[in-house]
Amino acid sequence: MPIKIKAKGALREGGKFLKSKDARNMHKLEHQIENQITGNIEDILKKNLKNQIDTFGFGNYARVYNNLRRI
């Protein structure tokens, strides 16, 4: 089951918000940031799985879901 995360943010440089008149550049930058965040989250999840750490409580969710399916 995929995990969906919604996030909002603003780009700042030197205390000023970045504004781009070129939509293609902004879209490209958004895509690069999205890929970086996705990669970071995937790395964290892989490390947690390897070390059998359930930081986000997915194990509890899975147990509840399996118990509900049996009812």
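Going from atom CD of E30 over to atom CG of N35 covers 12.0 Å, rounded to the nearest 0.5 Å. Distance CG/D43 to OG1/T38: 11.0 Å, rounded to 0.5 Å. With rounding to the nearest 0.5 angstrom, the CD1 atom of I44 is 10.5 Å from the CD atom of E42. Taken from NE2 in H27 to CD in Q32, the straight-line distance is 10.5 Å, to the nearest 0.5 Å.
The side-chain heavy atoms of L45 and F58, taken from C-beta on, include a pair separated by under 4.5 Å.
One hydrophobic cluster, built from ILVMFWY side chains closer than 4.5 Å, holds both I33 and I41.
Judged by distance alone, the side chain of N48 and the main-chain N or O of D54 form no donor-acceptor pair under 3.5 Å.
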